[in-house]
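Below you'll find the structure, written out as structure tokens, and then a few comments.
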Amino acid sequence: MLGTMQFRTHLTASSLRNGITNPASFRAPPLPAIVRKSKSRSGWAAFSAADAPIATFGREERDDARDSISLPPGLRQEALPKHVAFIMDGNGRWAAERELPPSAGHQAGYKTLQLMVELSVKWGIRVLTVFAFSTENWLRPKLEVDFLMTLLETALKDNLQDFLREGIRICIIGDSSKLPKSVQEIAAKLEESTSNNSKLDLLVAISYSGRTDIVQACKKISQKVKNGVLKVEDIDESLVAQELETSCAALYPYPDLLIRTSGELRLSNFLLWEMAYTELYFAQSYWPDFGEKEFVEALFAFQRRQRRFGLRRQTIGVNQP
Amino acid sequence: MKMSAKMENALPPVSKYHQPLLLRLVLGLCWWMVHILFSIQHVVNQILQAVKSYFISILLVQRYWDLQLHKLRSLAIVVDSKEARNTLKVKKLLSWLSRIGVKYVTLYDMEGILKKSLAESQGDLPNGILHKDRMMIELLSFIDSKEGIAKAASFLCNKYLRDELGNCEGKDLSITESDISDTLNVIGFGGPEPDLLLVYGPVRCHLGFPAWRLRYTEIIHMGSLNSMKYGDILTALYEFSKKKQNYGT
């Protein structure tokens, strides 16, 4: 048990270093009471660090809701983000360091994505948005772009049954008109087939740009004004938000946590509108190396961090549980 | 006699009673030791950081001499609204940035505290003015963010209704990124895209800084404004100068 506590405290320090914080802002955990009375059957529980699990002597009583979701020790269901966004960065550099072609990096990155989806379903995260391909990525070498499109097509095709079985709803966001016809067809079929699933919304951003999303929202609004459906006076920020592509995740359209891998510290034109109050977590590892341990560290960091929405919590449409 | 025997039976054996207590004390002691070790490590880290920051601030660390500020056309600073009330610290920060040679600074806090307090006391800012030759200071708040986009959309719709852009009835309306950028400038919500954004406060988010401007901005969390150090700013600017962006290609 002591080992667990030591490990947790180590996690605290290391995950803070991985976030966008400098070591100077790291705070040592508050001194806990040594023991406390708990609801465990044996009557006593040892106290660990602020966010650490309560290690009990004997089985702890848990409610039914918690029983259905098996979380790693120390993560609290109520403190988990409802919507997690990923910028899956570093596939190319991962491959280059191993003297492999970029395609090998993307293949390895795809495996990481599968793991993240699996863990999100397992831990009760409600929405997962992944930046699969940006509008700027079209400028990459044709060979790499073609490979990515083939990988995308294969991934969508091969996972349909898994999505249906696991209750995953797929939503493709971005300018799909630029995608190959075959990818467009599979994406449309997948969205339709999974539309009634509700365990996890998986938003896949392909040929996506945050600015372009805002532009198309303004276009839709203008069209509605032109058609007489809307008055110009009705236009406000909530109306713009409704027309954004992420509104397909109706319950939780705004990410609570953004994880970007490979140590880069920018949003790269991803979900610009939606990320005003998103906790930003920049992990050092490349995307193919980002595993369960790293995901848990990011979630621990999120759990600890102070979230502040300012005065406009109600009006800005921040995810409400 | 019988009563006392019954009472003796009712009491648990001494070892059974003391075992959990002993275990708790041992575990408690171990936890305290672990905590003390980490606290010592934390204090040592803090001291090392302070020493490093001091050496950087007096420019004894050679690599910080040339910051290559040509890459930094515009710097944005987001201050948590609670900390933004400390205008003395903000002014000190601005004077440091002016000394370093930063040309354009965008100051943002959600509630517009800086907008009110600094605009009122322009004379106290570095070199006496808000917009000056050496450093221009732009003050923003939450209303300059998403509201700006909504107003740009309204403006464009009005334009369409006056048929300045949508010439043909049947034609789809064409709005581009540059249309929105131009409109934001026209209606007073425009401005440069910051190359670097420094966040001061407990949060690890940009608190609603104008979304349109954040495409490729590097974001660094600086900790509390109250504990800001000149050396930390130099370090952040140095780290930024070493960054290479490939813009998705």
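Each chain gets a letter, A, B and so on, in the order its sequence line appears, and its residues count up from 1.
- Both the backbone and the side chain of B/Tyr216 come within contact range of chain A, judged by heavy atoms closer than 4.5 Å.
- Side chains of B/Leu72 and B/Leu237 form a contact here, defined as non-hydrogen atoms less than 4.5 Å apart.
- Proximity to chain B is limited to the side chain of A/Ser209, based on heavy atoms less than 4.5 angstrom apart.
- A/Phe270 and A/Tyr208 have perpendicular rings, their planes meeting at more than 60° on a 0 to 90° scale where under 30° would count as parallel.
- Judged as a side-chain hydrogen bond (donor to acceptor under 3.5 Å, both in side chains), and not counting sequence neighbours, B/Thr217 has no contacts.
- Ring centers of A/Trp138 and A/Phe133: under 6.0 Å apart, within the cut-off.
- Only the side chain of B/Ser181 has a heavy atom closer than 4.5 Å to any heavy atom of chain A.
- Of the two parts of A/Val240, only the side chain, counted from C-beta on, holds a non-hydrogen atom closer than 4.5 Å to a non-hydrogen atom of chain B.
- The number of heavy atoms from other shown groups lying within 6.0 Å of CD1 (B/Ile187) is above 12.
- When heavy atoms are compared at a cutoff of 4.5 Å, B/Thr176 approaches chain A solely by way of its backbone atoms N, CA, C and O.
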